[in-house]
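Written out below as structure tokens is the structure these notes cover.
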Amino acid sequence: MRRAAVFLALLLCLLWTGARGEDQSSSETQVSIDVWAELKELRDLAIEHRIKIQRLEQDNTATQVRLTASESKNAESRMSSSEKDVGEFKRANTVLENRVSSRGKEVEQLQRPNAEHMARVTASENKSTAFESRMSSSRLQVAFSAGFNDSGAVGPFNTTITLKYSKVFTNVGQDYSPTTGIFTAPVRGVYYFRFNVWENRGSVHTSVELHHNDQMKMRLYDYNDSVGYVSASNSMVLQLERGDVVYVVLSSGYGVYDDSFNRMIFSGFLLFPQ
Ligand SMILES: *[C@@H]1O[C@H](CO)[C@@H](O)[C@H](O)[C@H]1NC(C)=O
Ligand SMILES: *[C@@H]1O[C@H](CO)[C@@H](O)[C@H](O)[C@H]1NC(C)=O
Ligand SMILES: *[C@@H]1O[C@H](CO)[C@@H](O)[C@H](O)[C@H]1NC(C)=O
Ligand SMILES: *[C@H]1O[C@@H](CO)[C@H](O)[C@@H](O)[C@@H]1NC(C)=O
């Protein structure tokens, strides 16, 4: 644009000086008129162009303004969409966290029975350690003696019941259980057992049995003896395998009597292991 204007100015100067120099001849005058007309045209064209350029420049500015506006809008929309993304990410994260915490709970729940199991394992290991230490001692000690339950009269019942001698006097090795009334052999060996029966009801027959596993080994029996008080006792030496059980049962249809005088006792001990 500026170049065009400079060019035009130069052209005008040249033509003007030329025209001044050749004033005299009529042909020259004609040429001069033509040149002036042409110059006028050129000037008009230049003005037209300048206006056009001005318009274009204005348009351009407007476009730039619009562009800036739309860019910022775009940025805004990008922002809001990225905010949305953040929201969704947070939501997904919460879901994940929940999952993680529920997984944590699952793990806890899985660990709990495992801990119980480990405690049981430890307990049984303790037991076997205790057993080993018992076995390694120069003489394995097994001896128990327990009285019945101060119940007074018991029975008769129409079924056989295992007598639970709950008053423990001696229980070296804890092989007798006062809650079940059952002695369990800790080792294969020869054992001695003693038990008795007592009854003070003159009309009631009394009888208890010694059992080795599911076998009855012997039955005690007595009745009245004219005064009404009866007592009977016996003992047995039994050869037991490790884990064999020995216990006393009240025969079906018979009664016994026990009180604080410890009328009924169940005792046993290991003679020797085998
Ligand atoms: C196992 O024995 C140890 C040491 O005697 C004792 O501290 C622990 O409580 C025992 N555990 C069980 C489960 O009996
Ligand atoms: C004693 O044992 C007998 C027979 O098992 C039972 O019926 C009774 O309730 C017991 N008595 C006591 C005080 O435990
Ligand atoms: C066994 O005893 C119970 C109650 O002690 C009684 O109801 C039942 O009839 C008896 N059964 C027999 C076969 O005697
Ligand atoms: C045995 O016990 C005495 C004491 O209680 C009674 O007096 C007797 O009648 C009883 N005899 C029989 C057969 O039951």
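Both counts, for ligands and for their atoms, begin at 1 and track the order of listing.
Taken from CG in Asp175 to CZ in Phe144, the straight-line distance is 9.0 Å, to the nearest 0.5 Å. Separating the CG atom in Asn262 from the CE atom in Met264 is a distance of 11.0 Å, to the nearest 0.5 Å. The CZ atom of Arg263 sits 3.5 Å away from atom CH2 of Trp198, with the distance rounded to the nearest 0.5 Å.
The side chain to side chain donor-acceptor pair (under 3.5 Å) contacts involving residues 235-249 comprise Arg188-Glu241, Tyr192-Ser235, His212-Asp244, Asn213-Asp244, Gln239-Gln274, where partners must be two or more places apart or lie in separate chains. Listed by first then second residue, pairs satisfying side chain to side chain donor-acceptor pair (under 3.5 Å) with a partner in residues 220-231 read His205-Tyr221, not counting sequence neighbours.
Counting only heavy atoms of the protein, atom 11 (N) of ligand 4 lies nearest to Asn224 ND2, 2.4 Å. The protein non-hydrogen atom at the shortest distance from atom 6 (C) of ligand 2 is Asn149 ND2, 4.2 Å. Atom 4 (C) of ligand 4 has as its closest protein heavy atom Val227 O, 3.4 Å.
Ring-plane geometry between Tyr165 and Phe266 is classed as tilted, the angle between the planes lying from 30 to 60 degrees on a 0 to 90 degree scale.
Within 4.0 Å of atom 2 (O) of ligand 4, at least one protein heavy atom is present. Atom 2 (O) of ligand 2 lies below 4.0 Å from at least one non-hydrogen atom of the protein. There is no protein heavy atom less than 4.0 angstrom from atom 7 (O) of ligand 4.
Enclosure of atom CE in Met216 by more than 12 non-hydrogen atoms of other residues, nucleotides or ligands within 6.0 angstrom is indicated.
With a heavy-atom cut-off of 4.0 Å, Tyr223 touches ligand 4 through its side chain alone.
Near Ile161, meaning under 4.0 Å from any of its heavy atoms, are these atoms of ligand 2: 4 (C), 5 (O). Close approach of ligand 4 to Ser226 is summarised as follows: ligand atoms under 4.0 Å from at least one heavy atom of the residue are 3 (C). Here is the list of ligand 2 atoms found below 4.0 Å of a heavy atom in Ser151: 1 (C), 11 (N).
Checking Phe157, Tyr165, Phe148 against atom 7 (O) of ligand 2, the nearest heavy atom belongs to Phe157.
No heavy atom of Asp150 sits closer than 4.0 Å to any atom of ligand 2.
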- Please test Phe183 against Tyr191 for ring-ring contact (aromatic ring centres under 6.0 Å, His included), starting from the C-alpha separation and ending with a verdict. CA-CA 11 Å; Phe183 170 83; Tyr191 294 79; 5.6 Å; yes
